[in-house]
Amino acid sequence: MRTVVRHLGVLTPRPTLRDIETWHPARWGAKSPMQTIRIKRSSNDGDTERARQGPGRDLSPLLAGAATAVGLFGVLLTLVDSGSPLRGPLTLFFLLAAPATAIGAALGGLEPFGRALAALAGSVVLNMLVAQGMLAVHRWSWRGGVIAVTVISLLLLLLSFVTVKPTKT
């Protein structure tokens with residue numbers, strides 16, 4: 001029996017790169033979009049920004065208090081079945097702001113714009129889930145919906161404060 005030996009060439013990749021590979025930013029050490037997402041951690045080292053003095057100081061607590069008062073007034077008008085024209089807009093404000101505040105508190109490590117956008121989207125989703133759930137079990141009522149959103153928002157807010165935050169070591 002005769003054996004035929006053939007000479008096989010070594011399999012090597014092409015020496016040149018395609019155009020897309022040549023011009024890709026990662027070839028020069030650039031980061032991909034997923035590597036550039038930054039989550040800022042809050043630091044309690046005392047190196048945080050100082051509170052400004054005078055008329056340009058931070059008005060966040062004042063605005064948060066005013067928003068809370070407006071939202072609670074809307075809930076009060078809704079629960080007592082007032083005929084006021086402010087009942088609808090103020091209740092809608094509460095239904096969007098209460099879950100958004102709770103979700104925003106849980107997303108403390110994100111940038112402010114991203115946190116606000118995610119919190120508002122989560123608020124809309126929560127309201128839709130409450131409405132869908134109430135319709136599915138044939139227990140729809142506007143009073144029950146407001147109470148359900150309030151209870152869920154309070155539970156989410158308490159849960160975000162109770163959870164253990166990682167500490168620096």
Side-chain angles (χ1 to χ4, degrees), residues 30-169:
K31 292 183 177 181
S32 72
M34 291 304 294
Q35 292 174 326
T36 58
I37 295 175
R38 293 181 189 94
I39 297 178
K40 293 187 178 180
R41 305 282 181 203
S42 63
S43 65
N44 296 329
D45 300 336
D47 294 337
T48 57
E49 295 180 15
R50 293 184 197 171
R52 293 187 291 182
Q53 302 292 327
R57 66 178 178 260
D58 192 22
L59 296 177
S60 309
L62 180 64
L63 293 175
T68 303
V70 167
L72 290 177
F73 187 65
V75 168
L76 179 69
L77 288 176
T78 300
L79 294 179
V80 299
D81 199 17
S82 172
S84 172
L86 293 176
R87 180 180 70 177
L90 296 183
T91 304
L92 180 63
F93 175 76
F94 175 79
L95 289 175
L96 289 175
T101 302
I103 294 170
L107 300 174
L110 294 178
E111 295 284 331
F113 180 72
R115 183 178 7 172
L117 190 63
L120 188 60
S123 173
V124 170
V125 168
L126 181 78
N127 282 304
M128 290 171 60
L129 286 174
V130 166
Q132 185 67 33
M134 291 177 73
L135 287 171
V137 297
H138 302 290
R139 300 282 182 214
W140 171 254
S141 74
W142 48 268
R143 194 172 282 163
V146 169
I147 292 171
V149 169
T150 303
V151 168
I152 293 171
S153 297
L154 285 175
L155 288 176
L156 284 174
L157 190 62
L158 288 175
L159 184 65
S160 69
F161 285 130
V162 171
T163 56
V164 179
K165 308 279 184 194
T167 58
K168 278 183 160 178
T169 56

Colleague: For residues 135-163, which residue pairs qualify under salt bridge (charged side-chain N to carboxylate O under 4.0 Å, His left out), counting only residues two or more places apart or in two chains?
Modeller: none
Colleague: Taking side chain as C-beta onward, heavy atoms only, is L155 less than 4.5 Å from L159?
Modeller: no
Colleague: Which pairs, with at least one residue in residues 81-90 and sequence neighbours excluded, count as a side chain to side chain donor-acceptor pair (under 3.5 Å)?
Modeller: D81-R87
Colleague: V130 and G145: which non-hydrogen atoms are nearest, and at how many Å?
Modeller: CG1-O, 4.2 Å
Colleague: Any pair with a residue in residues 59-74 that passes salt bridge (charged side-chain N to carboxylate O under 4.0 Å, His left out), sequence neighbours left out, goes on the list, sorted by first then second residue, please.
Modeller: none
Colleague: Just how far is it from atom CG of L76 to atom CG of L72, taken to the nearest 0.5 Å?
Modeller: 8.5 Å
Colleague: Quick one: side chain to side chain donor-acceptor pair (under 3.5 Å) partners of T78, sequence neighbours excluded?
Modeller: T91
Colleague: Could you tell me whether the side chain of L157 reaches within less than 4.5 Å of the side chain of S160, counting heavy atoms only?
Modeller: yes
Colleague: Would a 4.5 Å heavy-atom cut-off, applied to side chains only, mark W142 and V146 as touching?
Modeller: no
Colleague: Please report, to 0.1 Å, the donor-acceptor pairs under 3.5 Å made by any side chain of residues 93-104, with sequence neighbours excluded.
Modeller:
from: T101; atom 1: OG1; to: A97; atom 2: O; distance (Å): 2.7

